[in-house]
Amino acid sequence: MSALFPTPRDLKSASQLQRELAARVLLTGDLTGVRKVAALDASSRRGEPLVAAAVLWDLAEERVLEVSVAATPPEGLFPYVPGFLSFREAPTYLAALAALSEVPDLLLVDGQGVAHPRGLGIAAHLGVHLDLPSLGVAKSLLYGVPAGELPEEAGSAVPLTARSAQLGWVYRSRARVKPLYLSPGHRLGLREGLELIRALPAPTKLPEPLRQAHLWAGRARREGLRGRFTPQRP
DNA sequence: GCGACAG
DNA sequence: ATCTTGTCGC
């Protein structure tokens with residue numbers, strides 16, 4: 001169920017590993033058969049466990065099916081270094097995913113997909129590791145250049161580019177809010193990634209599944225919650 | 001050498 | 001990521 005997630009001993013070997021895994025990334029794939037997505041987010045404070053939440057979301061019914069929470073003690077955490085986020089957060093995400101009652105069809109991850117200096121943001125890393133389609137949804141830019149001005153209207157998007165190639169999209173989920181940075185992680189096309197995000201409800205800047213994951217991770221950290229939860233059906 | 005830098 | 005009061009607006 002859960003294979004090894006290698007933790008490099010330094011940033012040199014970490015970069016090497018990223019380049020190797022980036023070569024396995026597949027940037028094609030559509031949404032056929034994608035019914036349930038798992039949204040992942042984490043919450044942490046210095047000196048405390050890092051808490052991750054996985055929210056299983058039903059695309060057709062537009063609702064949370066279940067939530068799982070996992071944590072990793074501070075001693076076992078890779079430090080946060082820009083460009084190496086997956087080594088810090090992915091192990092806890094894998095634990096949260098393993099605690100779900102079923103395997104999702106696609107991962108929605110808070111962070112970059114292939115819009116990364118070495119082509120392996122956390123969404124791409126998780127996608128390749130689990131061999132699952134994945135999409136990165138970041139709240140700020142790490143790598144790449146927006147191709148032009150982003151219109152103020154909700155739903156607008158402009159390509160996110162680097163070295164004359166498109167890596168993802170700068171996307172406006174709501175009018176007059178800061179944009180999101182989308183990039184496929186694995187087994188998903190650029191257009192399909194945008195299509196998926198546009199199909200998700202977005203009452204706020206973040207698409208609802210990710211907003212729920214954010215809320216659960218924060219609440220779980222503050223209240224010490226762990227395990228699996230099944231929200232009441234309306 | 002300098003600036004940038006997901007969460 | 002987290003900390004943190006008030007404030008503006010529906």
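Just so we're on the same page: letters track the sequence lines, and every chain starts at 1. Being a predicted model, the structure only gives us computed values, none of them experimental.
Summarising the geometry, the separation between CG on A/L40 and C1' on C/dA1 is reported as 16 Å, rounded to the nearest angstrom. Rounding to whole angstrom units, CD1 of residue A/I122 and C1' of C/dA1 are separated by 13 Å. With rounding to whole Å, A/Y181 atom OH is found 15 Å from B/dG7 atom C1'. When the P atom of B/dA6 is taken as reference, atom CG of A/L135 falls 18 Å away, rounded to whole Å. Atom CG in A/L126 sits roughly 18 Å away from atom P in B/dA6 (whole-Å rounding). Atoms CD (A/E48) and C1' (B/dG7) sit 16 Å apart, rounded to a whole Å. Spacing between atom OH of A/Y80 and atom P of C/dT2 amounts to 13 Å, rounded to whole angstrom units. Following rounding to the nearest Å, A/L167 (CG) and B/dA6 (P) show an atom-to-atom distance of 16 Å.
There is a side-chain donor-acceptor pair under 3.5 Å between A/Q212 and A/E208.
A/S43 has a side-chain polar atom (N or O) that falls below the 4.0 Å cut-off from OP1 or OP2 of C/dT2. Of the side-chain N and O atoms in A/R45, one or more sit less than 4.0 angstrom from OP1 or OP2 of C/dC3. Residue A/S44 places none of its side-chain N or O atoms closer than 4.0 Å to OP1 or OP2 of C/dT2.
For CZ of A/R198, the number of neighbouring non-hydrogen atoms (other residues, nucleotides, ligands) closer than 6.0 Å is greater than 12.
Here B/dG7 is the nucleotide among B/dC5, C/dT2, B/dG7 with the atom lying nearest to any side-chain atom of A/K139. The side chain of A/D110 lies closest to C/dA1 when the candidates are B/dA6, C/dA1, C/dC3. In the set C/dA1, B/dG7, C/dC3, C/dC3 carries the atom at the smallest distance from any side-chain atom of A/R221.
No aromatic stack links A/Y143 and the base of B/dA6, using centre distance under 5.5 Å and interplanar angle under 30°.
Ring centers of A/F229 and A/W216: under 6.0 Å apart, within the cut-off.
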task: Start with the C-alpha distance between A/F87 and A/T7, add both sets of side-chain angles, then the distance that settles side chain to side chain contact (heavy atoms under 4.5 Å, CB included), and finish with yes or no.
output: CA-CA 6 Å; A/F87 297 111; A/T7 298; 5.5 Å; no
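Residue A/L141 is in sugar-phosphate contact alone, with no base atom involved, counting any heavy-atom pair closer than 4.0 Å across all strands shown. Within 4.0 Å (heavy atoms only), A/H214 reaches sugar-phosphate atoms of the nucleic acid but no base atom. A/Y93 comes within contact range of no nucleotide atom at all, as no heavy-atom separation falls under 4.0 Å.
The pair A/R191-A/D30 fails the salt-bridge criterion, with no side-chain N (NZ, NE, NH1 or NH2) lying under 4.0 Å from an Asp/Glu carboxylate O.
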